Amino acid sequence: MGSALSSLLGYSGSPSEDSPSSSESSRVLTFHSAPRWQLHFNSVKETPKLMVIDFSASWCGPCKFMEPFLNEMAAKFTEVEFVKLDVDELPDVAQEFGVQAMPTFVLVKQGKEVDRIVGAQKNELEKKVEKNKC
């Protein structure tokens, strides 16, 4: 029942079907509907927890390159929430955050952007997560 409700609401807490290389479950949350994303975002705004939002697209090569690294980061920084949003599925959310290129990683705390990385920059992303996680 829970998975049926989750899929109705457009939420997936597991890796997408098109990434069979990931055998263990991912800590990266994926949202497929704007209402479900908004509910989640509003609930996280009330906490001091850092959220890393990965704006990507299924056709984007650099996004696919970053996906395993994002999963590693989510496993390493368990106190940080990692979210993946597809700009083609949620164009309004991407526009709201001013995303113009993929991948774009937006770091948010209490509903406010604290940092941003545009492009497949592993080292830069890790540095900024480390800096903002506290």
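On a predicted model such as this, the values are computed, not experimentally measured, just so you know.
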### Message
How long is the straight-line distance from CE of Met73 back to OG1 of Thr78, given to the nearest 0.5 Å?
### Response
12.5 Å

### Query
Distance-only, no hydrogens or angles: does the Arg27 side chain make a donor-acceptor pair with backbone N or O of Ala75 under 3.5 Å?
no

### Message
Take a 6.0 Å sphere around CD of Gln100 and say whether it holds more than 12 heavy atoms from other residues, nucleotides or ligands.
### Response
no

#### Entry: Nearest heavy atoms of Leu50 and Val129, plus distance in Å
CD2-O, 3.9 Å

### Task
Evaluate the side chain to side chain contact (heavy atoms under 4.5 Å, CB included) criterion for residues Leu107 and Met51: first the C-alpha distance (whole Å), next the side-chain angles of each, then the deciding distance (0.1 Å), finally the verdict.
CA-CA 6 Å; Leu107 284 68; Met51 180 190 307; over 6 Å; no

### Message
Which heavy atom of Trp59 sits nearest to which heavy atom of Met102, and what is that distance?
### Response
CH2-CE, 3.6 Å

### Query
Is it the case that Lys84 places NZ or CZ above or below the six-membered ring of Phe31, under 6.0 angstrom from the centre and within 45 degrees of the axis?
no

### Query
Mind checking whether Leu85 and Ser56 have side chains closer than 4.5 Å, heavy atoms only?
no

### Query
Do the side chains of Phe69 and Val118 join up, straight or via other hydrophobic residues, at under 4.5 Å, putting them in one cluster?
no

### Whether Arg116 side chain and Thr104 backbone form a donor-acceptor pair below 3.5 Å
no

### Query
Is any side-chain heavy atom of Glu96 less than 4.5 Å from a side-chain heavy atom of Asp92?
no

### Message
With a 4.5 Å cut-off on side-chain heavy atoms, are Glu81 and Lys49 touching?
### Response
yes

### Message
As a quick check of understanding, evaluate side chain to side chain contact (heavy atoms under 4.5 Å, CB included) for Glu67 and Asp54, giving each step before the final call.
### Response
CA-CA 9 Å; Glu67 190 171 353; Asp54 171 14; over 6 Å; no

### Message
Hydrogens and angles aside, do Asn42 and Gln38 bring a side-chain donor and acceptor to less than 3.5 Å of each other?
### Response
yes

### Message
Would you compute the distance between atom CD of Glu72 and atom CZ of Phe77 and round it to the nearest 0.5 angstrom?
### Response
11.0 Å

### Query
Nearest 0.5 Å, what's the CD1-CG distance between Ile117 and Asn123?
11.5 Å

### Summary
Between Val108 and the options Ile53, Val52, Val44, the side-chain contact (heavy atoms from CB on, under 4.5 Å) test singles out Ile53

### Task
Flag the pair Lys122 and Glu126 as a salt bridge only when some basic side-chain nitrogen lies within less than 4.0 angstrom of an acidic carboxylate oxygen.
no

## Note on the structure
All heavy atoms of Phe65 vs all of Ala120, minimum pair found to be CD2-CB, 3.9 Å

### Task
List the atom of Val83, the atom of Val28, and the distance in Å for their closest heavy-atom pair.
C-CG1, 4.2 Å

### Task
Step by step, work out the salt bridge (charged side-chain N to carboxylate O under 4.0 Å, His left out) result for Glu124 and Lys128.
CA-CA 6 Å; Glu124 194 66 21; Lys128 290 187 177 189; 3.7 Å; yes

### Message
On a heavy-atom basis, which atom in Ser58 and which in Asp86 lie closest, and how many Å separate them?
### Response
N-OD2, 3.5 Å

### Query
If we only count heavy atoms from C-beta on, is the Gln121 to Phe105 side-chain gap below 4.5 Å?
no

### Query
So do Trp37 and Thr30 actually touch side chain to side chain, heavy atoms under 4.5 Å?
no

### Side chains of Phe55 and Val106 in contact at under 4.5 Å (non-hydrogen atoms)
yes

### Query
Less than 4.0 Å between a side-chain N and a carboxylate O, is that true for Lys127 and Glu130?
no

#### Entry: Closest approach of Ser33 to Leu90 (non-hydrogen atoms, all atoms of both residues)
C-CD2, 3.5 Å

### Query
If you draw a 6.0 Å radius around CD in Glu113, do more than 12 non-hydrogen atoms from other residues or ligands fall strictly inside?
yes

### Query
Under a 4.5 Å cut-off applied to non-hydrogen side-chain atoms, are His32 and Arg36 in contact?
no

